[in-house]
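These notes concern the structure reproduced below.
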Amino acid sequence: MQVRELKQDEKDLVWRYVHCAGLWRRKRHRTFASLESDLRAGYEVVADGIAVGEQSGEPIILSDAKDPEFFAAIFKNDNSAIPEVRALDLERLRGYIISGEGELPMPPPRLRKPPLA
């Protein structure tokens, strides 16, 4: 499989996904210098456990090894994957991440507090 460079709209989708995961799931530890990196198991791994590939000719994020629940909530429309987030907020997140629609949805104050030890 030949690895191709991601187009700008594909990079933007990955950045929106990572940024929203950081805001909503407190996963701010993700860092990477560029979106293109190495090839593993037939997928183009772009950064920090996020795999991107093509399905039906449309590039999508295929998996997220570091936050499979957030991935399922966004790309598999699984509202039960992260029960602390309301269905309405998930719909807004999906629209923003996948299509770039609307404004960046911010988490409610209850989700911005640090987790209890």
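The chain is numbered in sequence order, starting from 1. Heavy atoms only: backbone and side chains are in, while hydrogens, waters and symmetry mates are out.
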Original post:
According to the side-chain hydrogen bond (donor to acceptor under 3.5 Å, both in side chains) rule, which pairs have a member within residues 96-107, sequence neighbours left out?
Top reply: none
Subject >> Derivation and outcome, side chain to side chain contact (heavy atoms under 4.5 Å, CB included), residues Val14 and Glu10 >> reply: CA-CA 6 Å; Val14 174; Glu10 296 167 330; 5.9 Å; no
**OP:** Begin with the C-alpha distance, continue with both residues' side-chain angles, and end with the deciding distance and a verdict on ring pair (Phe, Tyr, Trp, His ring centres under 6.0 Å) for Phe70 and Tyr17.
**Re:** CA-CA 9 Å; Phe70 191 74; Tyr17 175 80; 5.4 Å; yes
Heavy-atom closest pair, residues [X] and [Y]:
{"X": "Cys20", "Y": "Leu104", "value": "SG-CD1, 3.6 Å"}
{"X": "Ile98", "Y": "Ile74", "value": "CD1-O, 3.8 Å"}
{"X": "Asn79", "Y": "Ala87", "value": "ND2-CB, 3.5 Å"}
{"X": "Ala81", "Y": "Glu69", "value": "CB-O, 3.4 Å"}

**OP:** Please name all residues satisfying side chain to side chain donor-acceptor pair (under 3.5 Å) with Glu91, sequence neighbours left out, ordered by chain then number.
**Re:** Arg94
Original post:
CD1 of Ile97 to CG of Asp12: how many Å apart, nearest 0.5 Å?
Top reply: 13.0 Å
Original post:
Can you tell me how far CG of Leu13 sits from CD1 of Ile61, rounded to the nearest 0.5 angstrom?
Top reply: 5.0 Å
Subject >> salt bridge (charged side-chain N to carboxylate O under 4.0 Å, His left out) contacts in which one or both residues fall within residues 70-85, not counting sequence neighbours >> reply: Arg25-Glu84
Original post:
Would you find a donor on one side and an acceptor on the other, under 3.5 Å apart, between the side chain of Trp24 and the backbone of Leu90?
Top reply: no
**OP:** Check salt bridge (charged side-chain N to carboxylate O under 4.0 Å, His left out) between Arg92 and all other residues, then give those that pass, not counting sequence neighbours.
**Re:** Asp89
Original post:
Which residues pass the side chain to side chain contact (heavy atoms under 4.5 Å, CB included) test with Pro68, sequence neighbours left out?
Top reply: none
